[in-house]
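Presented below is the structure to which this report refers.
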Amino acid sequence: MKYKMYDEIIEQPRSLKDTLSEEKSHMKEIAEKFEEFDKIYLLGCGSSLSTCYSAKSALDFISDKNIEVYTGYEFFYNKKIENENAGALLTSQSGETADTVAALRMSQQKDIYTVAITNESQCTMIKEADDTVITRGGRESAILGTKTYVTQLMSLYEILFSMNNFKDDAQKIKKEVLGNIEKLPSVTEDLIKKTEGEGKEIAEKFKDDDIFYCMGSGPNYGLAYKLAMTMFMEGALKHACPLYSGEFRHGLIERAEKDVPIVFLNADYPGDDMTTRSIEFCEKLGTKSLVYNMKDYSDMNPLMSPFSLVIPLEWFIYYLADFNNEDPGATRHIGKVRY
Ligand SMILES: O=P(O)(O)OC[C@H]1O[C@](O)(CO)[C@@H](O)[C@@H]1O
C-alpha cells in the first residue's frame with residue numbers, strides 16, 4: 001500500500017502473538033513480584049502514557065491496588081516521590097525517550113524496582129532497568145504507534161491482571177480479561193479485515209475538518225488521549241483535544257456547535273453514563289458526532305475496549321492523512337529537533 005503504516009497495521013496480530021509466546025511466562029513472574037509492592041507507578045510519554053492510563057483505569061474497576069500514572073518529567077520533578085516499597089513499569093516504544101529514561105534513573109535512586117516495557121532490545125532502558133519485557137513488534141516506522149501500542153497495552157494488562165490481590169467478586173472479570181488477552185491476535189486480525197472500508201468512508205466524510213475533540217471514560221480515556229495526542233496530531237496532522245466524558249459539560253458543551261466534530265468512545269462503563277448524555281445532547285444540537293461503541297466491534301469484556309476500538313480508529317486516521325496527502329507515519333519534529 002501507499003504508506004508503511006498500512007503494513008504495520010496488518011502486522012499487529014503477529015506482534016501480539018509473538019509477544020505473548022515469548023514473554024507471557026516472564027510477565028507472570030513480574031506480576032508475582034509486583035503483588036508485593038504497596039504502590040505501583042506506571043510511567044511513559046505520549047502513546048506509551050496512554051497505555052498507562054488505560055491499564056490503570058481497567059484495574060481500578062476490580063482492585064484496590066495503589067497505582068499512580070505519570071508522564072516522565074512530571075514523575076522526575078515530583079518532590080513527593082520517596083523511597084518506598086514500590087515498583088515502576090516504565091513504558092517506551094523506543095526505550096530512549098529522555099523523559100522516561102530520566103524517570104527510570106530517578107526511580108532507581110529512590111530504590112523503586114524498575115521494569116522497562118519496550119520494543120527495542122538494545123535500548124538504554126533495557127540496559128538500565130532491573131527487569132525487562134520486550135514487545136515483539138519489530139521496528140515500527142509510524143510515529144503514532146500501532147503494533148508497539150497494542151503489544152505494550154497487552155503487556156501492561158497481562159502483568160497487572162495476573163497479580164493475585166483482587167477482591168473476591170473480581171475473580172471472574174480477571175479470568176475473563178486474561179482469557180480475552182489469549183484471543184487478542186485473532187480478534188485483532190478480524191477487526192483489521194472488517195473495519196478498513198468503514199475507516200476509509202468516515203475519513204472521506206471528515207477529511208476537511210481541522211479540529212477534533214476525543215472523549216471517553218474509564219480505560220477509553222487513555223485511548224481518547226492517544227487518539228488526540230498521537231493519532232490526530234502526530235499522524236493526521238489535525239488539531240485534537242482529549243477529554244473525560246464527564247468534563248463535557250464543563251467547557252466543551254459551550255462549544256459543541258455543528259462545525260466541531262466530537263469522537264465519542266463508549267463501552268458502557270459506569271462513567272459512560274456521561275458519554276451517553278453527551279452524545280444525546282450533541283444529537284439534539286446537530287453536532288458532527290462520531291460514535292465508537294465497543295459492542296459494535298467485539299464481544300470481549302468491556303475492559304478490553306481500547307484494544308477493540310483502536311483498530312477502526314487506526315484505519316480512520318490512516319485514510320484521513322491519505323485524503324490530505326500526508327504520510328500518517330511521518331515525523332516532522334519529534335526525535336529531530338531539540339527543544
Ligand atoms: O514510546 P516512546 O518511544 O517513549 O515514545 C514517546 C513518543 O512517542 C509518541 O507517543 C508517538 O507514538 C510521542 O508522542 C512521544 O514523543
Side-chain angles (χ1 to χ4, degrees), residues 3-5 8-9 11-12 15 19 41-55 69-76 88-107 114-129 132-156 212 214 221-242 306 310-311 313-314 317-318 320-321 326-339:
Y3 306 111
K4 238 179 150 191
M5 181 181 160
E8 292 172 347
I9 292 176
E11 283 161 24
Q12 290 175 105
S15 308
T19 305
Y41 292 107
L42 304 183
L43 310 172
C45 298
S47 182
S48 296
L49 176 64
S50 85
T51 64
C52 299
Y53 283 138
S54 289
V69 173
Y70 288 94
T71 186
Y73 281 134
E74 286 300 314
F75 182 79
F76 181 78
L89 297 173
L90 295 112
T91 58
S92 172
Q93 297 160 8
S94 62
E96 298 292 351
T97 299
D99 326 28
T100 317
V101 172
L104 169 66
R105 291 177 180 158
M106 204 270 252
S107 303
T114 56
V115 175
I117 302 176
T118 171
N119 195 52
E120 297 292 330
S121 58
Q122 301 301 318
C123 65
T124 303
M125 284 174 60
I126 290 284
K127 288 179 192 138
E128 296 191 15
T132 59
V133 170
I134 301 171
T135 54
R136 300 302 204 276
R139 183 60 56 83
E140 177 148 57
S141 69
I143 185 68
L144 53 78
T146 60
K147 50 190 184 165
T148 46
Y149 167 78
V150 288
T151 51
Q152 188 184 88
L153 184 63
M154 179 183 73
S155 302
L156 283 178
F212 293 81
C214 308
Y221 173 73
L223 180 56
Y225 186 85
K226 174 184 170 61
L227 176 63
M229 304 293 284
T230 73
M231 298 174 85
F232 275 120
M233 291 209 268
E234 296 175 352
L237 300 183
K238 300 282 189 184
H239 295 289
C241 174
V310 77
I311 305 298
L313 288 168
E314 283 171 357
I317 294 295
Y318 177 89
L320 191 63
E326 298 284 357
D327 176 350
T331 105
R332 300 182 320 140
H333 304 302
I334 300 172
K336 293 184 197 152
V337 174
R338 293 186 75 82
Y339 80 107

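When reading the values below, keep in mind they use all heavy atoms of this one structure, side chains included, and skip hydrogens, waters and symmetry mates. Each ligand, and each atom within it, is numbered from 1 in the order the structure gives. Just so we're clear, the structure is a prediction, and the values are computed from it rather than from any experiment.
- Taking only nitrogen or oxygen atoms, main chain and side chain alike, Q152 does not reach within less than 3.5 Å of ligand 1.
- Between the side chain of T51 and the backbone N or O of S48, at least one donor-acceptor pair lies under 3.5 Å.
- For S50, there are no side-chain hydrogen bond (donor to acceptor under 3.5 Å, both in side chains) partners, not counting sequence neighbours.
- For ligand 1 and L144, the ligand atoms under 4.0 Å from any heavy atom of the residue are 12 (O).
- A salt bridge links R139 with E120: the closest approach of a Lys/Arg side-chain nitrogen to an acidic carboxylate oxygen falls below 4.0 angstrom.
- Ligand 1 has no nitrogen or oxygen under 3.5 angstrom from a nitrogen or oxygen of T91.
- Between E234 and ligand 1, at least one pair of N/O atoms sits closer than 3.5 Å.
- In the vicinity of G46, heavy-atom distances shorter than 4.0 Å reach the ligand 1 atoms 10 (O), 14 (O).
- Listed by first then second residue, pairs satisfying salt bridge (Lys or Arg N to Asp or Glu O under 4.0 Å) with a partner in residues 222-231 number zero, not counting sequence neighbours.
- Of all atoms in ligand 1, numbered sequentially from 1 with element shown, those under 4.0 Å from a heavy atom of I143 are 11 (C), 12 (O).
- Close N/O approach between T230 and ligand 1 is not found [any backbone or side-chain N/O within under 3.5 Å].
- Checked by atom type and distance alone, the side chain of E8 pairs as donor or acceptor with a backbone atom of S141 at under 3.5 Å.
- Looking at S107 and L43, their side chains come closer than 4.5 Å, going by heavy atoms from C-beta outward.
- Those atoms of ligand 1 that come under 4.0 Å of a heavy atom in C45, given as number and element, are 6 (C), 10 (O).
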